[in-house]
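Every number for a ligand or one of its atoms is a count from 1 in the order of the listing.
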Amino acid sequence: MLIIKNTLDYLNIYQAQLENKKIGFVPTMGFLHEGHLSLVKESVKNNQITIVSIFINPTQFVKGEDFATYPKNTEHDLKLLEANNVDIVFIPEAEDLYPPDHKSLIKIEINQNFTNKLCGKHRRGHFGGVALIVMKLFSIIQADNAYFGLKDYQQYVLIKNLSLDFFPRTKIHALPTIRESSGLAMSSRNTYLNDKEKKLASLIYATLLKFTEIIKISKTINQEELIKAFEALLLKESTAFELQYLEIYDDTLNKIKKYKKNQTFIGTAVYLNNVRLIDNLIF
Ligand code: AMP
């Protein structure tokens with residue numbers, strides 16, 4: 001497994017060895033878990049070369065978020081990647097991707113139709129930062145296939161569109177959310193939770209599931225009523241919960257009034273003692 005720490009080194013290796021190979025790419029922020037590894041395994045299975053990037057991207061963190069304390073254990077990550085037959089790990093420094101003396105004239109502004117919902121609405125500027133880093137990484141890596149988790153559904157929709165606009169050669173693949181046996185969606189940020197909180201956090205998924213059943217039966221979608229009921233159910237379990245949003249769309253994130261089988265999206269962000277957790281389902 002090759003560890004590459006800057007763009008120029010990667011480009012040299014690309015020209016010398018990779019240009020004619022089928023490349024699969026899995027971008028991550030590290031502190032890897034089974035969710036990340038499911039993407040890695042899919043890439044290894046379907047490509048000649050798998051490249052995983054580990055980069056805690058400063059531009060996608062909003063003011064007041066956990067950029068400075070985001071969990072990190074690169075040594076352990078590398079062991080997991082090696083054991084999963086990854087070929088190249090790209091671990092750039094921030095100065096490599098965002099050179100301090102380079103004042104980019106490009107600013108990425110995402111359409112408000114997209115950023116006025118879900119995480120876009122509550123993390124102003126987040127998706128501009130995601131788009132920026134994905135455009136940088138895609139331009140460098142030049143992958144045939146790139147793998148993303150449905151856990152971050154809005155991010156997946158953004159990247160799918162970004163790729164259609166700017167990277168037609170890179171096919172975007174979305175993979176299901178990997179969960180703990182309790183149902184809790186795996187996330188690097190789960191490390192902020194103690195055992196009791198983890199148990200409580202699993203209620204988010206359980207409650208989402210319950211709501212999919214309710215919507216399937218009632219067929220109509222009354223957001224307001226559903227939000228109230230969702231919040232009440234969580235708060236009944238613990239006052240440590242604070243609902244940030246519960247939103248329902250079709251699977252392209254457009255508004256819907258009626259349930260559409262296998263094309264309905266329900267997504268939520270919930271604070272549990274200041275730890276922000278997201279989850280969603282397509283049903
Ligand atoms: P992150 O390191 O959080 O930026 O995530 C890197 C990639 O892993 C993204 O495409 C995520 O959607 C994906 N991912 C994170 N958690 C999970 C999970 N529990 N199941 C599947 N994919 C995940």
Side-chain angles (χ1 to χ4, degrees), residues 24-45 50-62 65-67 69-74 76-78 80-81 84 86 89-92 94 97 118-120 123 126-138 141 143 145-163 167 170-193 198 201-202 204-205 208 253 265 267-270 275-282:
F25 177 40
V26 182
T28 82
M29 297 207 297
F31 210 71
L32 304 178
H33 50 68
E34 285 299 326
H36 297 111
L37 295 180
S38 70
L39 310 181
V40 168
K41 283 173 188 151
E42 187 69 13
S43 174
V44 168
K45 205 165 73 188
T50 287
I51 302 174
V52 176
S53 64
I54 300 177
F55 181 63
I56 303 174
N57 173 38
T59 62
Q60 72 186 68
F61 286 79
V62 175
E65 289 189 342
D66 56 348
F67 173 62
T69 55
Y70 193 84
K72 194 171 177 174
N73 188 344
T74 309
H76 187 240
D77 289 348
L78 292 176
L80 290 175
L81 295 176
N84 279 280
V86 166
V89 189
F90 183 51
I91 318 184
L97 294 183
L118 303 162
C119 292
R123 302 181 73 189
H126 168 68
F127 284 119
V130 170
L132 183 61
I133 191 63
V134 169
M135 290 188 73
K136 281 176 183 269
L137 288 171
F138 276 21
I141 302 294
N145 296 296
Y147 298 84
F148 293 87
L150 289 171
K151 153 115 191 317
D152 301 284
Y153 193 80
Q154 194 175 14
Q155 169 175 285
Y156 157 66
V157 172
L158 173 74
I159 291 166
K160 178 105 189 150
N161 279 284
L162 200 71
S163 168
F167 302 95
T170 303
K171 186 161 190 276
I172 305 300
H173 303 264
L175 274 81
T177 301
I178 303 295
R179 301 177 179 282
E180 306 282 354
S181 54
S182 66
L184 173 64
M186 287 190 183
S187 161
S188 306
R189 289 188 170 101
N190 289 354
T191 188
Y192 298 145
L193 302 170
K198 275 191 187 145
S202 69
I204 298 169
Y205 177 59
L208 274 182
L253 300 184
F265 165 92
T268 189
V270 176
V275 181
R276 187 173 177 278
L277 302 162
I278 58 168
D279 205 345
N280 69 73
L281 285 165
I282 303 278

Next on the checklist: Please list, in number order, the atoms of ligand 1 under 4.0 Å from a heavy atom of Thr28.
Outcome noted: 2 (O), 6 (C)
Checklist entry - Can an N or O of Met29 be found at a distance shorter than 3.5 Å from an N or O of ligand 1? => result yes
Item to check | Heavy-atom side-chain contact between Pro71 and Tyr192 under 4.5 Å | outcome: yes
Checklist entry - Does ligand 1 have an atom under 4.0 Å from some heavy atom of Arg179? => result no
Next on the checklist: I need the single residue from Arg179, Lys151, Lys41 that forms a salt bridge (charged side-chain N to carboxylate O under 4.0 Å, His left out) with Glu34. Which is it?
Outcome noted: Lys41
Checklist entry - Which of the atoms of ligand 1 are close to Phe148, meaning less than 4.0 Å from one of its heavy atoms? => result 10 (O)
Checklist entry - Which residue supplies the protein heavy atom nearest to atom 14 (N) of ligand 1, what is that atom called, and how far is it? => result Asp152 OD2, 4.2 Å
Next on the checklist: Below 4.0 Å, non-hydrogen atoms only: which portion of Pro176 touches ligand 1? Side chain, backbone, both or neither.
Outcome noted: backbone
Checklist outcome for this item: Paired with Ser188, the side-chain contact (heavy atoms from CB on, under 4.5 Å) test is passed by just one of Lys72, Met29, His36, namely His36
Next on the checklist: Within the structure provided, determine whether Arg276 and Arg123 are in side-chain contact (heavy-atom separation under 4.5 Å).
Outcome noted: yes
Checklist entry - For ligand 1, which part of Leu175 has a heavy atom less than 4.0 Å away: the side chain, the backbone, both, or neither? => result neither
Checklist entry - Within the structure, does Ile178 bring an N/O atom to less than 3.5 angstrom of an N/O atom in ligand 1? => result yes
Checklist entry - Under the criterion side-chain contact (heavy atoms from CB on, under 4.5 Å), which of Thr59, Leu97, Asn57 is the partner of Leu132? => result Thr59
Checklist entry - Does Thr177 reach ligand 1 with a nitrogen or oxygen that is under 3.5 Å from one of the ligand's nitrogen or oxygen atoms? => result no
Checklist entry - Short N/O distance, under 3.5 Å, between Met186 and ligand 1? => result yes
Checklist entry - Any side-chain heavy atom of Val157 sitting closer than 4.5 Å to one from Phe265? => result no
Checklist entry - What part of His33 sits under 4.0 Å from ligand 1 if we count only heavy atoms: the side chain, the backbone, both or neither? => result side chain
Next on the checklist: Within ligand 1, which atoms have a heavy atom of Pro27 less than 4.0 Å away?
Outcome noted: 6 (C), 7 (C)
Checklist entry - Under 3.5 Å, is there a donor-acceptor pair between the side chain of Ser43 and the main chain of Thr50? => result no
Next on the checklist: Give me the residue, atom name and distance of the protein heavy atom closest to atom 5 (O) of ligand 1.
Outcome noted: His36 NE2, 3.4 Å
Checklist entry - Mind checking whether Ser38 has an N or O less than 3.5 Å away from an N or O of ligand 1? => result no
Checklist entry - Of the non-hydrogen atoms in Ala146 and Thr170, which two are nearest, and what is the gap between them? => result CB-CG2, 3.8 Å
Checklist entry - Do any nitrogen or oxygen atoms of Gly149 lie less than 3.5 angstrom from nitrogen or oxygen atoms of ligand 1? => result yes
Next on the checklist: Between Val40 and Val86, does the side-chain contact (heavy atoms from CB on, under 4.5 Å) criterion hold? Intermediate values first, please.
Outcome noted: CA-CA 7 Å; Val40 168; Val86 166; 3.4 Å; yes
Checklist entry - Does the pair Phe61 and Ile56 meet the rule for a side-chain contact (heavy atoms from CB on, under 4.5 Å), with working shown? => result CA-CA 9 Å; Phe61 286 79; Ile56 303 174; 3.8 Å; yes
Checklist entry - Atoms of ligand 1 less than 4.0 Å from Leu39 heavy atoms? => result 7 (C), 8 (O), 10 (O), 13 (C)
